[in-house]
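Position 1 is the first residue of the sequence; numbering continues from there. Whatever order the structure lists them in is the order used to number ligands and atoms, beginning at 1.
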Amino acid sequence: MMTKMTRLTASGLLFLALALVSCGDGEAPKNTEKAANAENLIAVGFSQIGAESDWRRANTKSMRETFTREKGYTLIVGDAQQKQEKQIAAIRDFIRTKVDYIVLAPVSEQGWDDVLKEARSAGIPVIIVDRMVQASNADFFVAWVGSDFRKEGDIAVDWMEKQFKDKKELKIAHMQGSLGSSAQIGRTEGLRDGVGRNVGWKIVVRDSGEFTQVKGKEVMERFLSEYRDIDVLYCENDNMAFGAIQALDDARVPYGTRGGLKIISFDATRAGLKETFAGNISYNVECNPLHGPRVEKIIQQLRDGKKPNKIAYVDETAFDAATIAKEEIDSRAY
Ligand code: GYE
């Protein structure tokens, strides 16, 4: 597939460095243009969603630690501040400056066809990470690696079914992630089907906290003002759960192992596991952000003329506040 590599020209790299500034991620190494040419580096343009969560920051770090100059890469990261238009603009910059590979972590599933078509016409392979895109043509990207978000939702619901099997009525507050993102869609679908098959389960309040702590707090405050009698908060990531915990503390509403409502969260970041160990989050479904080495493997396969798996799911587990061991937090890489 990738036989001959496109190399960045000096002016191209200069342009990229400028584009990078406009993308809001100012970590372009100085004098990149000279170094890249001399060292024959492989240019990877990474369009990242933003820095909304611990998960996201760990994901960016993993990419930066993988695609280093020492290993023969130059990585250009565009931080889109959660905006799809910025991601599309970053990809167009990557195409214009002829990077060798484009890596896209898409903010939402829809709306990528045009820009992916442009990348394909330019002969630049696109690798999708983390969330998925709904492309009209499967050839618009070479490979995707990420989590099975629907399965994560099912894992959470399985736990709820066991945990609350004796409860005739279960009142659920549902805090969703960024609407239209695969992580939100899969986790929401898991809960939707759980509610469908468990008579007595009811979603009493629902809103999106956009995967951030600040919004998570706001949304939880609103939930509490509308509905006090909540049994479970199904919260689609750790950072929103941290915000919800702040709101619960402020309102002196009990939760976790001290009784009261139970919080279910997703990601199981180190900070999330600390809250789980403390009994504040009752169940935390893992979502692994360390995609750098996985993307590198795909690039290496392409360079060796091999066909990478089109779709690759990462293995994941879950942590119960009742059984989590301290070592699991200590050994957490993110
Ligand atoms: O759960 C959340 C982040 O797409 C898996 O995005 C990712 C999600 C993750 O902001 O914390």
Inset, instruction - Determine whether the side chains of Gln134 and Glu109 contain a donor N or O and an acceptor N or O closer than 3.5 Å. - result: yes
Inset, instruction - Would you check if there is a donor-acceptor pair between the side chains of Gln48 and Thr60 at a distance under 3.5 Å? - result: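 Yes, Gln48 and Thr60 have a side-chain donor paired with an acceptor closer than 3.5 Å.
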Inset, instruction - Return yes when atom NZ of Lys167 has more than 12 non-hydrogen atoms of other residues, nucleotides or ligands closer than 6.0 Å, and no otherwise. - result: no
Which atom pairs, nitrogen or oxygen on both sides, join ligand 1 and the protein at under 3.5 angstrom?
{"from": "ligand 1", "atom 1": "1 (O)", "to": "Arg187", "atom 2": "NH1", "distance (Å)": "2.9"}
{"from": "ligand 1", "atom 1": "1 (O)", "to": "Arg187", "atom 2": "NH2", "distance (Å)": "3.3"}
{"from": "ligand 1", "atom 1": "1 (O)", "to": "Asp267", "atom 2": "OD1", "distance (Å)": "2.6"}
{"from": "ligand 1", "atom 1": "4 (O)", "to": "Arg56", "atom 2": "NH2", "distance (Å)": "3.3"}
{"from": "ligand 1", "atom 1": "4 (O)", "to": "Asp130", "atom 2": "OD1", "distance (Å)": "2.8"}
{"from": "ligand 1", "atom 1": "4 (O)", "to": "Asp130", "atom 2": "OD2", "distance (Å)": "3.1"}
{"from": "ligand 1", "atom 1": "4 (O)", "to": "Arg131", "atom 2": "NE", "distance (Å)": "2.8"}
{"from": "ligand 1", "atom 1": "6 (O)", "to": "Arg56", "atom 2": "NH2", "distance (Å)": "3.1"}
{"from": "ligand 1", "atom 1": "6 (O)", "to": "Arg131", "atom 2": "NH2", "distance (Å)": "2.9"}
{"from": "ligand 1", "atom 1": "10 (O)", "to": "Glu52", "atom 2": "OE2", "distance (Å)": "2.5"}
{"from": "ligand 1", "atom 1": "10 (O)", "to": "Ser53", "atom 2": "OG", "distance (Å)": "3.0"}
{"from": "ligand 1", "atom 1": "11 (O)", "to": "Ser53", "atom 2": "OG", "distance (Å)": "3.2"}
{"from": "ligand 1", "atom 1": "11 (O)", "to": "Asn237", "atom 2": "ND2", "distance (Å)": "2.8"}
{"from": "ligand 1", "atom 1": "11 (O)", "to": "Asp267", "atom 2": "OD2", "distance (Å)": "2.6"}

Inset, instruction - Specify whether Trp159 and Tyr283 have parallel, tilted or perpendicular ring planes, treating 30° as the upper limit for parallel and 60° as the lower limit for perpendicular. - result: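 Rings of Trp159 and Tyr283: parallel, under 30°.
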Legend entry - Ionic contact status for Asp113 with Lys117, cut-off 4.0 Å: no
Inset, instruction - Can you tell me which residue pairs pass the side chain to side chain donor-acceptor pair (under 3.5 Å) test with a partner in residues 251-263, sequence neighbours excluded? - result: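 Qualifying pairs, neighbours excluded: Asp249-Tyr255.
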